[in-house]
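Report on the structure given below.
Convention: sequence-line order gives letters A, B, ...; per-chain numbering from 1. Not measured: the values here are computed from a predicted model.
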2 protein chains.
Amino acid sequence: MRVSREKAAEHRDRIIDAAGALFRAKGFGGIGVADIMKAADLTHGGFYGHFASKEDLVAQSSRRSMARAAANWTKLVETAPDNPYAALLAHYLSPKHRDDPGKGCAFAALGNDAARSGKIVRKAFAEGLAPLIDILAQSIPGKSKAARRRKAVAAMATLVGALTLARAVEGTPLSDEMLEAAHHELAAAVRL
Amino acid sequence: MRVSREKAAEHRDRIIDAAGALFRAKGFGGIGVADIMKAADLTHGGFYGHFASKEDLVAQSSRRSMARAAANWTKLVETAPDNPYAALLAHYLSPKHRDDPGKGCAFAALGNDAARSGKIVRKAFAEGLAPLIDILAQSIPGKSKAARRRKAVAAMATLVGALTLARAVEGTPLSDEMLEAAHHELAAAVRL
DNA sequence: ATTATCTATAGATCTATAGATAATGC
DNA sequence: ATTATCTATAGATCTATAGATAATGC
């Protein structure tokens, strides 16, 4: 049953990707090691050869989810050089993003779970958040660097809060209103 | 072991209060029925005489947590008639609020959990969110009623997002910065 | 010989129920 | 007689480990 080192590394990769999607969709506690391994087409017992514990996978898969987000944001910003901030807002606050948490922002999907997790996971979230704020700060209009930074941090809060709340009340009119109001108010900063 | 109807109603009350705090602190899945009953000084088995299921308690305790928040906000607004909006911001975005989720906002503590819950819970969250937005809309400056409403919805997203993220990265410098930046940017609306 | 994966299971925990108990309220 | 609570447990699920298996890589 043994596979080559190359294959093993690929398996490890598949586990991290499967976990990234399943954790965002169901929460850290909402999915078990066995189901993640099944999604990666492996058996339960093989898990502990790749990771020290479930929490180890939580930290690693979260890091990857956040790094992917930063890469996506960078690409999005580059494809809209005239108004990168507007492009980020439209992308983040779309109903499509709201309706597919498994492929979306880790902060909006797992912020509460991270808050209840240990130091290692919270540190991973802090290190994943910083680049997103940097990208926002470079895209956002503002007088000084400090002002742009402050606007970027607050905009990040608005984005994550709006998506979180839109999902929490999904199925009611408040859900769409939340995305639209956040979009309108954040975009107002560009029009100033 | 039977108690009077009055005592039974009081027990039910205690269960809902204990659940309200424990769910906010540990998440819907992070605490069990047995621990909630222990916190209410009752035994595990008695639970199902009071509630149809754990999800039933989730919905009821969430409703109460949110109704209490609305009552607190109303009181806070009344005690600061000159600048109710500033009072709400200072209260919500305080380190004290961040550091005690069990007594704080249900949306910032359980938004992700609600998003993964069933329709009944999500509807409860929508019905609990509306009054908070109404209070914000009455406190916030703005040209038209529609503008104030939109600002209130977006401000709610910023508040919840900032607290959620501040908790997710708790223990790093970003945590305080998140509270301060959100406070500064939201308060800017008052100074306009 | 080493090791990636598999099967099987230990041990803990969780929701929910069954049946006993004992105090209330008709 | 009714019923609020209790003890005990069924049945499911979850993390983690033990030991077997078989293919890789020295």
Given that B/G29 and B/S4 both sit by DNA chain C, which one's nearest nucleotide is further toward the 5' end? B/G29
Indicate, with a heavy-atom threshold strictly under 4.0 Å, whether A/G49 touches base, sugar-phosphate, or nothing. nothing
Check the distance between C/dA16's C1' and B/H50's NE2 and give it to me in whole angstrom. 16 Å
Of the nucleotides D/dA16, D/dA22, C/dG25, which has the atom closest to the A/H44 side chain? D/dA16
What is the distance, to the nearest angstrom, from the CD atom on A/E6 to the C1' atom on C/dT3? 16 Å
Selection from C/dC26, C/dC6, C/dT17 that lies nearest to any side-chain heavy atom of B/Y48: C/dT17
B/K7 or A/F28: which one's nearest nucleotide on DNA chain D is closer to the 5' end? B/K7
In this structure, how many angstroms lie between the P atom of C/dT15 and the CD1 atom of B/I31, rounded? 9 Å
Verify salt bridge (Lys or Arg N to Asp or Glu O under 4.0 Å) between B/E10 and B/K7, making sure each step is shown before the conclusion. CA-CA 5 Å; B/E10 187 199 309; B/K7 276 274 172 216; 3.5 Å; yes
Within this structure, what is the CZ-to-P distance between A/R5 and D/dA23, rounded to whole angstrom? 18 Å
Taking pairing as Watson-Crick or G-U wobble with both contacts under 3.5 Å, can you name the mate of C/dA18, or confirm there isn't one? D/dT7
Nearest of C/dA16, D/dG25, C/dG25 to any side-chain atom of B/S53? C/dA16
Rounded distance (nearest 0.5 Å) linking atom CZ of B/R149 with atom OG of B/S144: 12.5 Å
Are B/R167 and B/D99 close enough for a salt bridge, meaning some N to O gap below 4.0 Å? no
With heavy-atom distances below 4.5 Å as the criterion, would you say the side chains of A/D113 and A/F23 are in contact? no
Would you compute the distance between atom CD of B/E177 and atom CD1 of A/I133 and round it to the nearest 0.5 angstrom? 6.5 Å
What's the closest nucleotide to the side chain of B/R2 if the choices are D/dT17, C/dA22, C/dA16? C/dA22
State which of D/dT15, C/dC6, C/dC14 makes the closest approach to the side chain of A/K54. D/dT15
Output the single nucleotide from C/dG25, D/dT7, D/dG25 whose closest atom is nearest the side chain of B/T43. D/dT7
Only pairs with both distances under 3.5 Å count, Watson-Crick or wobble alike; so what is the partner of D/dT24 in this structure? C/dA1
Where each residue is assigned the nucleotide of DNA chain C containing its nearest heavy atom, which of B/V3 and B/G30 is assigned the position nearer the 5′ end? B/G30
I want to verify a distance call: between D/dG25, C/dA4, D/dT3, whose nearest atom is closest to the A/A8 side chain? C/dA4
